[in-house]
Amino acid sequence: MTGAPLLEVEDLRIDLDDGSRRVAAAESVSFRIDRGETFGLVGESGCGKSITALALIGLLRPPLSIGAGVIRFDGREIQHLSAAAQRNLRGNRIAMIFQEPMTALNPVSPVGRQIAEMFVLHKGKSWREANQLAVEALGNVRVPAPERRVHDYPHQLSGGMRQRVMIAIALACGPDLLIADEPTTALDVTVQAEIIELMRNLCAERGTAILMISHDLGLVANVCRRVAVMYAGRIVEERGSADIFRAPSHPYTQGLVDSLPRLGSRAALGRNRLKEIAGVVPAISNFPDGCRFNPRCARATDICRTLVPTADFLEAGGLVRCHHHA
Amino acid sequence: MKLRANLIIGGALFALAIVVGLLAPWLAHTDPVMDANLLNAEEPPGWTWWFGTDDQGRDIYSRVLYGARVSLTVGIVSQLINSVIGVALGLSAGYWGGWWDDVVNALTNVMLAIPSLIFALAIMAVLGPGLTSLLIALGLTNWSYTCRIARASALSLRSQGYVQAATVLGYGDLRIMITQLLPNMLGPIVVIATLGMGSAVLSEAALSFLGLGVRPPFPSWGSMLSDARDQITTAPWLSVFPGLAIFLTVLGLNLLGDGLRDILDPQSRSRRA
Amino acid sequence: MPMLSFLIRRLLQTIPTVLAVVMLVFVLFSVVPGSIASTMSDDVDPQVELRLKQQLGLNDPVYVRFGKYIAKLATGDFGTSFRTREPVTTMIAKRAWPTLQLIFSAMAFSVVVGVPLGFVAALRPGGLVDSAAMVLAVSGLSIAKFWLGLVLMYLFALKLGWLPSFGYGDGSLKYLLLPAVTLGVSPMALFARTTRAAVLEIMTADFVRTARSKGMSETRVVKWHVTRNALVIILTTVGLQFGGLMGQAVVVEKLFSWPGIGSLLVDSVLQRDIPAVQGSILVVVLAFLAINLLIDLLYGVIDPRIRYA
């Protein structure tokens, strides 16, 4: 492993063009992921985490587009690459798993074929060889009797099995980075842990870095070494997972941590209500000035309503964007 | 952008056809039936005879104008009958359910099994040619689609809170159907009716072409084309104008229907072509 | 095996519809007051009329006649033509092949042109090709078949002299071409629109996003993942369009003097040859139902989610 990071995102802005005007759905997004590292991006729905992922893999579609910033992958800027060059990275070196295992697979194509496509696309294999490799790939994600399962259609598989197929597709070409967008949200709780475990083990074996995206801070902190919290299109805090739980710095992160049930805590025993963050996430067209969290923040003062906070680097490592951070 | 173009062009063409039909007596140069003069037979289009004349010396321009009356009357009235039948059957079947629903479903299946033009042809065969027969034949044979939409819509609306509230308030079934359910399904039904008018105009022309439409010599675009077929070698212009008139009228209705669908029934836009 | 039981069940489901159509056709021509009387022209001797009616069994009560009619139908006997005194079954059999030829060629033409047109249009929605294709499609739906036929006849037969203007000839392609294209234009237009709408909808599906995330080119996405899903939707439209085609075939056969069931139907209607009219309509309906049954079976081949359970 070299010292250079695998992925660097600098000041990324994603524009939403609604025909008459253009607003930033995400802005000043910066983070980096090292080789083999696990990095989490957490936030409520609509905070911009999913579109950030789509931007990384080059799948933003109108009305969304990259407005500014740099995405550097393996030392090379990729945000302006030609469509063909992007396709060579996509699936091959950067792979993605989506949330909906029900609909993310083609209903009228056998799952084996959907895995085999990866080897045909990126490894120059014939369909015969690719089908063989697909059986292997399906076995690698612990699907029993893979040589029979490859002939199944998605509707014949359970949700967990389908997500295993998705992982097999994503890891087929041995990518350097796996983006997992809410990979277990749609699954039963019992299956969730299995899938997460499988994904983490396979990536660790292959040295594949993971960018995990979720609304669930607890889950992400459990899987990832470092976590960034997004709110209303901006990253508000980025820390090591352990730190963020022990001493959240941004008021929003504190809110998130307080709203998590903890084993053995009074809240979990039902004697105390879980805390929630008052108010709602503002709409993209209606972001407040200054710090976007200020209308919901107990610590907000005048400066919060006018001035966008800059990133403060914390002594213990990590950064936070808050005028009054802890 | 495209949405507006559909509506404007479609509406304009349809309005033009209506105006032409209404004002035919004033716009026409001659009487479409009586002013036959063999001395003027088969004149090509020109200054005197804008669209030319036929083998009996009748002015094609005037006949095309009067032809709009037949086409539009049949198109509008027969589709109105279809809409009323379709809504009445579909709405009541969806609202009441039970054996009545089964009956309506069976009836719709039978209707769908017989190609509508062939059904209309059979009815024309029984009733004989003429405008009234046309209205009946085309009015009875094209309601199955409206019926299905009305039924599906009534079925889904039936369980809605405000409909149940009306039931609790003691409203009669008929009143609920007309005041609560009907307004909520009007959008798609207007769209189907507009497109249905276009196909009724085409069917009328087809039946008249086959000699089963309005009795000659009264002009209908379809029967004019039927005459024109025999003279296509000697007087090809006879085929041009009635055909163009049908095309523009139906095009207008189709564009209007598409445009209305974008406004009134947006969720079906992607599903149905 | 499940396919066979599905087939049998679907056949059983069709029986009530067929019976209802038979009854409808019977009622329409035999019970509606005046319909039979008007088949005789006014100058027919009342004595002759009476004898004729007796001969044709028209004096029996309605239910007896209907029972006899059904019984005869069940043996494949559609009655005897008033006009030619020939068995209707023979008349129809003679004309079945030309009609099948015409309808299937028209369908082939409309699918082969319409479906790819819809695909091309959907790939760049709002683009030049899309706009042109959709203008063409709405025009194709708005044009009167027999007028289009007349225009084509004038151009290709009379002016250019490339093709025969009408008739069956030896039934070869050059005779078939103009009628088939004329008949195929409006389903072609409809398929172009349906295909475009289907493809546009499928392009927004999650599995298409997955396919893109694999690094596939748009062409491959369409070829590998959109086509088959779109076919499921297109197949439904194709099945329904057979009905429309059979109706329109009447007009087109008449225009091109094509010796099929459609022109038999029109001639029989014009000459009030009731048994021939009833027979033709029943055959058309049965054919339409059979084709839709076939389409239902085809679904299972294209869409793995459908099972004949």
Side-chain angles (χ1 to χ4, degrees), chain B residues 1-2 6 10 106-107 109-128 195 198-199 201-203 205-207 209-212 221-222 225-226 228-229 232-233 236 238-240 242-244 246-255 258 269-273, chain C residues 16-18 20-21 24-25 28-29 32 35 38 118 126 131 137-139 141-148 150-151 153-154 158 165 190-198 200-201 204 237 240 243-248 250-251 254-255 265-266 268-270 272 274 277 280-281 284-285 288-289:
Chain B
M1 264 320 278
K2 201 171 167 237
N6 272 352
L107 215 58
N109 280 339
V110 174
M111 291 301 296
L112 286 172
I114 312 178
S116 57
L117 191 63
I118 286 185
F119 199 174
L121 197 75
I123 297 180
M124 291 305 289
V126 173
L127 300 178
L195 298 171
S199 63
V201 170
L202 283 178
S203 298
L207 290 173
F209 176 77
L210 296 174
L212 286 164
W221 294 336
L225 281 171
S226 176
R229 185 206 174 204
I232 190 148
T233 41
L238 294 181
S239 308
V240 173
L244 214 54
I246 297 171
F247 174 63
L248 291 177
T249 307
V250 179
L251 183 68
L253 284 164
N254 280 340
L255 289 176
D258 285 351
R269 191 175 3 175
S270 56
R271 257 181 290 121
R272 227 164 267 294
Chain C
T17 310
V18 173
V21 172
L24 191 74
V25 169
L28 204 55
F29 290 103
V32 171
S35 66
S38 64
S131 308
V138 76
S139 306
L141 286 177
S142 308
I143 206 160
K145 252 53 66 190
F146 52 94
W147 184 52
L148 179 71
L150 268 179
V151 172
M153 193 192 274
Y154 182 73
L158 300 177
S165 52
L190 196 79
F191 296 154
R193 282 163 61 116
T194 316
T195 306
R196 176 181 181 273
L200 281 182
E201 185 172 304
T204 64
T237 321
L240 290 174
L245 265 186
M246 288 170 165
Q248 296 298 332
V250 173
V251 184
K254 194 67 193 154
L255 174 68
L265 178 59
V266 179
S268 307
V269 163
L270 288 173
R272 308 204 145 252
I274 303 300
V277 173
S280 317
I281 293 177
V284 167
V285 170
F288 183 38
L289 289 172

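All chains are named by letter (A, B, ...) in the order of the sequence lines, taking the proteins before the strands, and each is independently numbered beginning at 1.
Scanning both residues, B:L251 and C:S142, for their nearest heavy atoms gives CA-OG, 3.2 Å. Nearest heavy atom pair, residue C:G247 against residue B:P115, reads N-CB, 4.0 Å. C:L150 and B:S239 make their closest contact through CD1-OG, 3.9 Å (heavy atoms, listed as atom of the first residue, atom of the second, distance). Considering all non-hydrogen atoms of both residues, C:L28 and B:V126 come closest at O-CG2, 3.3 Å. The nearest pair of heavy atoms linking C:V284 to B:I118 is CG1-CD1, 3.6 Å.
The closest side-chain heavy-atom distance from C:V251 to B:L117 is below 4.5 Å.
Between chain C and the options B:G243, B:G211, B:G128, heavy-atom pairs under 4.5 Å are most frequent for B:G243. Options B:G222, B:G252, B:A122, B:G198 differ in how many heavy-atom pairs under 4.5 Å they form with chain C, and the most are formed by B:A122. No other option in B:N109, B:L112, B:V240 has as many heavy-atom pairs under 4.5 Å with chain C as B:V240. Each of C:L289, C:L200, C:L24 has some count of heavy-atom pairs under 4.5 Å with chain B, and the biggest count is that of C:L24. Between chain B and the options C:T237, C:V21, C:V151, C:V277, the largest number of non-hydrogen pairs under 4.5 Å is found for C:V21. Counting heavy-atom pairs closer than 4.5 Å to chain B, the top residue among C:G126, C:S139, C:A20 is C:S139.
Within the 4.5 angstrom heavy-atom criterion, atoms from both the backbone and the side chain of B:A113 approach chain C. If you measure heavy-atom distances from B:L244 to chain C, the contacts under 4.5 Å come from both the backbone and the side chain.
Take B:L195 and apply the side chain to side chain contact (heavy atoms under 4.5 Å, CB included) test, not counting sequence neighbours, and it matches B:V191, B:N254, B:D258, B:R261. Annotation: side chain to side chain contact (heavy atoms under 4.5 Å, CB included) contacts of C:A144 (sequence neighbours excluded): B:L202, B:I246, C:F146, C:W147.
Taking OG of B:S116 as the start and CE of C:M246 as the end, the distance is 13.5 Å to the nearest 0.5 Å.
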